[in-house]
Every structure is written in C-alpha cells, then in structure tokens.
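Heads up: the structure comes next, in structure tokens.
Computed from a predicted model, the values in this text were never measured in an experiment. Every number for a ligand or one of its atoms is a count from 1 in the order of the listing. Just so you know, residue 1 is the first one in the sequence shown, and it goes up from there. Values reported hereafter were calculated over all heavy atoms of this structure, with side chains retained and with hydrogens, waters and symmetry mates removed.
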Amino acid sequence: MKLTADQLDTFERDGFLILPSLFSPAEVEMLRDAAEAMFAEDCPQNFREQGSGAVRTAMGLHLRSPVFERLVRHPRLVEPAMQLAGDRLYIQQVKVNAKAAFTGELWQWHYDFATHHNEDGVPEPLALNLHVLLDDVNEFNGPLWFVPGSHRCGAQPAALDTETTSYPLWCVDRETVTRLIDAGGVVSATGPAGTVLIFGDILVHASPPNLSPWQRRIFSLILNPVSNAYRRENRPDHQHHRDLSPVAVLDDDCLHEASPGVFSS
Ligand SMILES: O=C(O)CCC(=O)C(=O)O
C-alpha cells in the first residue's frame, strides 16, 4: 500500500498520519483475540500498571504469536513505512498498549527518540511508530495526543521518568510542552478500530488516563532503518530487538492465513 502525495505532504507538515479503518472488523477481531491470549501470560514481556496490576503493555508479540508475526510484515504497515523512510527497516519493538476501563494509566509527554537514543544509542530520529487501533478510540478512553509540527522543532530536552508509571520513559517537561502546543496546537488521535496511526521519532505526544467504561488497546510496531541501528544493548531484546534483518513484506491477506494457535517459527 502506497501513501498518496497529499498524505506524504501531511506527514511532513504535521509529523503524523491518521488513516481511518485500514484494517477490517474481521482482521481486528483476530488481532484482539491474539492480544488477549498474550495478556493472559505472566512473563517479563508483560508490564503491569502500578495501580491495578492489569497488563499495561505486552511486548515482543511477533515472537510470541503467529498472528502478530504476520502483522509486523503486513503491507498496509510496512510499505508506507518503507516509503517514508526510503530505506531497509528492521523490527525494533512490537507491542500492544492497553488501558483498562476506568483504571488505565497515562503515558507522559515524550517523543520516542529520547528513549531510543539515551537507552539504545540510536543515532538519528528516523524510526517510525505504526499503530493499529484495536478498539474504537474516542476522546474519553485515553487516545494519543499529538503536537502537530513538534517534529520540526528538533529534539527537545528530556529526562528519564521511572516513577510516574511502571514503564521507564524519557519525558519532556511542562514548559517545553506548553511552548510547543502554543505554536502547533494539539490533536486527539481518535478513530474506529482498524484505524492506523503513523508518527515519527521526535513527534511530541502523550495520552491521558482512561476514566471511561470502555477499554482501549492499541498495537504498535516500531521500524528503524538498518543503517540507523542501536549502538547499545542496555535494554532487553523485547524493548529493542537485536535482529537487524530487513523486514520482508507479506501479502495483503496474510492475517487470514495465520493459524491462531500454532506458532510456526
Ligand atoms: O499507548 C499509548 O497511549 C501511548 C503510546 C506511545 O506513546 C508510543 O507508542 O510511543
């Protein structure tokens, strides 16, 4: 799947794209079922909320599930990423972030490169984060908030926050966020299940807690150019995969060919 010239212009201007309903309800159902099985596991790849103990993020999914093994090679994700990056890409991180109804916790203001650079030694902010909404995401159940154009202001000062949530993250301070939002505004990335979000490594974003009665699950695939690979191995493989093989693209109907219970590789 190729992005149009308009979509490429929008990505360059805003730093993100929202592509509604790219995956069908049947495909989303397969992904939800696979995610549910992963969330039931007790393993180091599953990070739990500080408050409720519910799974907050489940990582390394393409190595744990045949459905996600295919999703990370899906042409509706990988082809636009290759088009934007103009390079061969490796699979850096694969996860589902969940926010349980009423108790799902926030993600602080940050840009991904601060963590990729400081923890993993990634040289340049060239990685792309590709999301698939697994639930309908509305203004109430903890959508991502993007600051349009913040990627054009360069990498902002960031500091490691190990306290606010269970997941250590390099975050941006309030003064910086205020300045960037005064300049560019803020957009809530909502849409029906199956919607795809694409954003770059220095786009400033966050997401609020989920106080609504609706759960919110989002799949995330981070692809990074092979030429821009990590230089440090501070974090475990599931937080930054070591395998630098360029990701191969499967057929458009690849999800339907996955056998749900059997992991093949
Ligand atoms: O799932 C969320 O709400 C936040 C995700 C995020 O910040 C990220 O993928 O970088």
Can you see whether Ser220 engages Lys95 through a side-chain donor-acceptor pair at a distance of less than 3.5 angstrom? yes
Measure the distances from the heavy atoms of Ile218 to every atom of ligand 1 and state whether one is below 4.0 angstrom. no
of all protein heavy atoms, closest to atom 7 (O) of ligand 1 is His110 CE1, 2.9 Å
Find the distance between CG (Leu160) and CG (Asn118) and round it off to the nearest 0.5 Å. 8.5 Å
Quick check on contacts: which atoms of ligand 1 are under 4.0 angstrom from a heavy atom of Asp112? 10 (O)
Interfacing atoms of ligand 1 (cut-off 4.0 Å, heavy-atom, Asn129): 8 (C), 9 (O), 10 (O)
Given a cutoff of under 4.5 Å between side-chain heavy atoms of I, L, V, M, F, W and Y, with clusters grown through shared members, what are the other residues clustered with Leu197? Phe16, Ile18, Leu133, Val137, Leu144, Phe146, Val187, Phe199, Leu203, Ile218
of all protein heavy atoms, closest to atom 5 (C) of ligand 1 is Asn97 ND2, 3.3 Å
Below 4.0 angstrom from a heavy atom of Ser207, which ligand 1 atoms are there? Numbered from 1 as shown, please. 2 (C), 3 (O), 4 (C)
Nearest neighbour in protein (non-hydrogen) for atom 6 (C) of ligand 1: His205 NE2, 3.7 Å
At under 4.0 Å between heavy atoms, is it the side chain or the backbone of Arg216 that contacts ligand 1, or both, or neither? side chain
Using a strict 4.0 Å cut-off to heavy atoms of Lys99, name the atoms of ligand 1 that fall inside it. 3 (O)
What class does the angle between the rings of Phe113 and Tyr111 fall in, given that below 30° is parallel, 30 to 60° is tilted and above 60° is perpendicular? parallel
Take the angle between the ring planes of Phe140 and Trp214 and call it parallel below 30°, perpendicular above 60°, tilted in between. tilted
All N/O donor-acceptor pairs, side-chain side in residues 29-37, below 3.5 Å, sequence neighbours left out:
residue	atom	partner	partner atom	Å
Arg32	NE	Leu134	O	2.6
Arg32	NH2	Leu134	O	3.1

When you measure from the centre of the six-membered ring of Tyr167, is the NZ or CZ of Arg56 under 6.0 Å away and within 45° of the axis? no
